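What you are looking at is a predicted structure, and each value in this text was computed from that prediction instead of being measured. Note that ligands are numbered from 1 as they come in the structure, with each ligand's atoms numbered from 1 the same way. When reading the values below, keep in mind they use all heavy atoms of this one structure, side chains included, and skip hydrogens, waters and symmetry mates.
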Amino acid sequence: MYQAPRGTSDILPEEHPYWTYIEEKASELCRLHGYRRIETPVFEDARLFIRGVGEGTDIVEKEMYTFEDRGGDLMTLRPEGTAPVCRAYLEHGMHNLPQPVRLYYIAPIFRYERPQAGRYRQHQQFGFEAIGEGDPALDAEVIDMAWQLFARLGLKGLYLVLNSIGCPKCRPGYLAQLRSYYGKIAAGLCPDCQARLERNPLRLLDCKREACQTAAESAPRSVDYLCPECHEHFQRLRVYLDLLKLPYQINHRLVRGLDYYTRTVFEVQPEGEGAQSTLGGGGRYDGLIEELGGRPTPAVGFAAGIERMVLNLKRQGISIPQGPPAADVYLAHVGQGAKERAVELASWLRGNGVGAILSGSSRSLKAQLRQANALGVAHALILGEDEVKRGTVILRDMARGEQQVMTPEQALQALRGVV
Ligand code: AMP
């Protein structure tokens with residue numbers, strides 16, 4: 001028997017109300033803030049991510065699904081949402097529009113990771129990006145939206161953590177301090193961190209091993225090495241966040257797994273769990289568009305995994321609206337003549353806006369009604385040879401077990417709730 005590939009899952013109809021709920025809340029949030037939906041292809045030129053996300057990152061080094069297509073081009077299944085949106089921004093000349101351009105997406109993401117609870121090889125991300133403006137008021141808007149998203153979903157006990165990791169002007173000085181600090185204690189670090197020390201020292205700060213965590217606590221802090229412009233940006237952002245009454249905490253060890261971040265980085269985390277279970281994260285990426293061949297263009301964004309939202313909704317016992325029933329009416333039939341009439345009637349009902357499921361079998365009426373019950377359909381239309389002859393139908397209220405003989409028009413009115 002075949003199974004879904006490791007690290008992937010099927011979202012069955014029973015589960016779907018969670019997804020609908022989240023997507024509706026997300027879309028509503030975006031509408032309220034003037035963000036418009038964009039969809040980009042599931043795969044892109046591999047170089048987009050190698051350049052955009054950064055060669056030294058875990059994503060590019062170990063996690064991308066990259067393949068050569070039949071034409072010999074190297075393609076990668078989208079491992080994150082921001083670089084494709086920036087590619088589309090450039091390709092469609094969106095820099096000519098009033099800035100910033102506000103966009104959002106709901107899209108599958110592919111990463112070859114070690115599967116565990118809340119970590120999959122294919123997951124779905126909701127993300128939004130504001131491209132073309134560097135003002136910290138926009139960072140505040142994006143952070144506020146991220147926070148509002150989870151509030152609207154009804155999730156409680158979350159933490160908003162914030163940091164500033166500087167820009168290409170001030171970061172090298174900070175990285176030199178980090179290297180010097182960690183260089184002195186390198187022997188006590190885990191092998192991964194020893195390897196990161198030269199290539200990507202920022203990542204040492206969020207290593208999950210205990211020895212490295214202890215070392216990170218006393219490590220130099222990026223906020224102490226910001227250039228005056230980055231310092232000012234961070235201070236102003238904090239003023240806006242205070243105006244919005246957002247309960248953020250500064251975490252000096254917060255860095256993100258992608259190279260493109262500058263200045264602001266932030267995450268929303270659930271209670272009592274580490275960054276492994278982060279609900280969503282984002283930040284400013286002022287260098288990315290230029291890296292992809294555009295003019296220098298500041299931007300800021302956020303993304304969150306839908307599976308983790310579902311997980312947290314369940315964990316917190318939050319009840320969500322159940323979806324509509326499978327249909328409004330189930331058509332049961334006995335005999336070939338009745339079956340033919342039922343085929344016609346089902347089509348006619350649907351044409352009139354009534355959801356109709358046609359019994360697919362010629363089993364006993366009892367078995368057909370049992371199926372109607374199992375599907376949770378509130379009404380059944382029953383057709384036998386007598387009904388065909390008289391041009392009538394039997395409308396059955398499934399919950400009450402009451403039946404009435406009537407014309408198809410009367411049944412339509414009743415099903416529409418007009419009578
Ligand atoms: P990132 O693109 O790494 O910043 O991730 C953004 C968000 O996507 C995370 O906070 C998670 O909610 C979600 N996410 C990232 N990787 C995975 C994964 N492998 N499985 C499920 N959700 C993920």
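Near G280, the atoms of ligand 1 lying under 4.0 angstrom from a non-hydrogen atom of the residue are 10 (O). For ligand 1 and Q125, the ligand atoms under 4.0 Å from any heavy atom of the residue are 2 (O), 5 (O), 6 (C), 7 (C), 8 (O). Those atoms of ligand 1 with a heavy atom of A303 less than 4.0 angstrom away are 6 (C), 7 (C). Near Y120, with a cut-off below 4.0 Å to any heavy atom, the atoms of ligand 1 are 18 (C), 19 (N), 20 (N), 21 (C).
Within the 4.5 Å cutoff, side-chain heavy atoms of I306 are placed close to those of I106. A heavy-atom distance below 4.5 Å is not found between the side chains of H231 and V223. For the pair H252/S222, no side-chain contact is recorded, criterion being any heavy-atom separation below 4.5 Å from C-beta on. With contacts defined as side-chain heavy-atom distances shorter than 4.5 Å, the pair Y182/P201 does not qualify.
The CZ atom of R78 sits 8.5 Å away from atom OH of Y105, with the distance rounded to the nearest 0.5 Å.
Y260 and E291 are not linked by any side-chain donor-acceptor pair at a separation below 3.5 angstrom, with hydrogens and angles left out of the test. Side-chain contact check for T278 and E267: at least one donor-acceptor pair (N or O, by modelled atom type) lies under 3.5 Å.
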Identify all side-chain donor-acceptor contacts of residues 347-355 below 3.5 Å with residues at least two apart in sequence or on another chain.
unit_1	atom_1	unit_2	atom_2	d
R350	NE	A356	O	3.1
R350	NH2	A356	O	3.0
N352	ND2	W348	O	2.9

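Heavy atoms of R256 approach ligand 1 to within less than 4.0 angstrom.
Close N/O approach between G305 and ligand 1 is found [any backbone or side-chain N/O within under 3.5 Å]. Below 3.5 Å of separation, one finds no N or O of E80 facing any N or O of ligand 1. For ligand 1, one of its N or O atoms has an N or O atom of L279 under 3.5 Å away.
The shortest contact between atom 21 (C) of ligand 1 and any protein heavy atom is with G118 O, 3.2 Å. The shortest contact between atom 9 (C) of ligand 1 and any protein heavy atom is with T278 O, 3.8 Å.
When non-hydrogen atoms are compared, ligand 1 lies under 4.0 Å from neither the backbone nor the side chain of E307.
Of the candidates R111, Q269, E113, the one placing a heavy atom closest to atom 2 (O) of ligand 1 is R111. The closest non-hydrogen atom to atom 15 (C) of ligand 1, taken over H123, E63, R121, comes from H123.
Ring pair Y65/Y112 is perpendicular by interplanar angle, where above 60° counts as perpendicular and below 30° as parallel.
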